[in-house]
Protein chains: 2
Amino acid sequence: MDTVATISPELRMTGNRQIVLEVLRGTTAHPTAHQLFLLAREQQPQLGFATVYRTLDLLVKHHLAQEVFRDKDGAAHYDANVTRHDHAICDRCGRIEDVSAPLHALAYAIVERSSGFHIQWHASAFSGLCADCAADAE
Amino acid sequence: MDTVATISPELRMTGNRQIVLEVLRGTTAHPTAHQLFLLAREQQPQLGFATVYRTLDLLVKHHLAQEVFRDKDGAAHYDANVTRHDHAICDRCGRIEDVSAPLHALAYAIVERSSGFHIQWHASAFSGLCADCAADAE
DNA sequence: CTCCTTGCAAATGCTTTGCATTTAT
DNA sequence: ATAAATGCAAAGCATTTGCAAGGAG
């Protein structure tokens, strides 16, 4: 099941952009722009970080990636999975897990009913202890 | 119903801190640190913005305020309402509304059931059009 | 040739920190 | 007198932008 379009008609897929997109698709770690820069630079040593930021903007505009949340430092985290989903962040090990439950659909209904908002976008991040760390902490 | 403690045993309530807390309690606009600085400075002209940031850290640590979300510019927004609740942000008029529905309780149950996380904190922000703007746009 | 892309460096915006001074206990 | 709080300026991050050089159509 491929939920993500491989190419976008309007976006010229240069070598740099291809590498950034491949690196993002090759991880489930929800990297920041800077983390992506470090990974992509392994394959393209003269890559500049401004290119990564510009590429991420383009990928988001063309729905090939999404910014999923901002961490406590204010750094944006990206995901090549462009379906709407939420995230759970472990305060202990730093793991970031997708929340696959259709929370957003429920949330939209509740928010729209209670406030009258017509929701177009949302970001939810939950933090605490992941199952493994909670077990360790006992 | 006062959900907020007026004082905290460990926190020395200096004049500056009192003013920042009063300004935050006097608004439902979920201001940023800089907006709070501007408002508080009206009552205390020689106030420095570093003091506001330091005060906000303290207020959060002492549960007299919370950081409710970060906007697209990465700026943190604060709230003297320390109960857990979500926010809806209008893309058109910029209004930030509390979502009073007990979304978080539902979300916690769903996330905990699906991922095994023990949630301690969360931030959810929804954006779209508020009821008024949606009506205007028709 | 012309436009888009890129790298570098500088600039920006939010926040934190170092440090000397003032204030409270 | 001892410790905490404050203002100011400088530093720190994440991100954006100006600009000149490089590359594709």
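Each chain gets a letter, A, B and so on, in the order the sequences are listed, and its residues count up from 1. Predicted, not measured: the structure shown is a model, and the values here were computed from it. Side chains are part of it too, since the values below use all heavy atoms of this structure and drop only hydrogens, waters and symmetry mates.
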CA sep, side-chain torsions, deciding dist, call: A:Thr51, A:Phe37, side-chain contact (heavy atoms from CB on, under 4.5 Å): CA-CA 9 Å; A:Thr51 301; A:Phe37 165 66; over 6 Å; no
I'd like to know whether B:Glu97 forms a side-chain contact (heavy atoms from CB on, under 4.5 Å) with B:His87, so could you lay out the CA-CA distance, the side-chain angles of the two residues, the decisive distance to 0.1 Å, and finally the verdict. CA-CA 6 Å; B:Glu97 281 186 18; B:His87 297 89; over 6 Å; no
For B:His34 and B:Phe49: C-alpha separation, side-chain torsions, deciding distance, then whether side-chain contact (heavy atoms from CB on, under 4.5 Å) applies. CA-CA 7 Å; B:His34 188 250; B:Phe49 62 82; 5.7 Å; no
Test A:Leu56 against A:Tyr78 for side-chain contact (heavy atoms from CB on, under 4.5 Å), laying out the working first. CA-CA 8 Å; A:Leu56 285 168; A:Tyr78 292 88; 3.7 Å; yes
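We find that CD of A:Gln18 is positioned 14 Å from P of C:dT5, with the value rounded to whole Å. Taking atom CG on A:Leu11 and atom C1' on C:dC3, their separation rounds to 16 Å, with Å as the unit. For B:Gln35 and C:dC14, the CD to P distance is 10 Å, given to the nearest whole Å. Counting to the nearest Å, the C1' atom of C:dT6 and the CZ atom of A:Arg41 are 15 Å from each other. B:Phe37 places its CZ atom 16 Å from the P atom of C:dG13, with the value rounded to the nearest Å. What separates CG of B:Leu38 from C1' of C:dC14 is a distance of 14 Å, to the nearest Å. Atom pair B:His77:NE2 and C:dT15:P shows a separation of 8 Å (rounding to whole Å applied). A straight line from NZ of A:Lys61 to P of C:dT5 spans 12 Å, rounded to a whole angstrom.
Side chain of A:His77 to main chain of A:Arg70: no donor-acceptor pair is present (N/O by atom type, distance under 3.5 Å, no hydrogens or angles). The closest donor-acceptor contact from the side chain of B:Glu112 to the backbone of B:Ile119 lies under 3.5 Å. A donor-acceptor pair is defined here as one N or O able to donate and one able to accept, closer than 3.5 Å; such a pair exists between the side chain of B:Asp79 and the backbone of B:Asn81.
The stretch residues 42-56 of chain B touches DNA chain D through B:Gln46, B:Leu47, B:Gly48, B:Ala50, B:Thr51, B:Arg54, each having a heavy atom within less than 4.0 Å of the strand.
Under a hydrophobic clustering in which Ile, Leu, Val, Met, Phe, Trp and Tyr are joined whenever their side-chain heavy atoms come within less than 4.5 Å, directly or via other members, A:Val111 and A:Phe69 fall into different clusters.
Distances shorter than 4.0 Å separate none of the side-chain N or O atoms of B:Asn16 from OP1 or OP2 on C:dT23. One finds a side-chain N or O of A:Arg17 lying less than 4.0 angstrom from the OP1 or OP2 phosphate oxygen of C:dT6.
With 3.5 Å as the limit, one finds no donor-acceptor pair spanning the side chains of B:Thr14 and B:Asn16.
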Below 3.5 Å between N/O atoms, which protein atoms pair up with nucleotides 23-25 of chain D? Just atom names and distances, please.
none

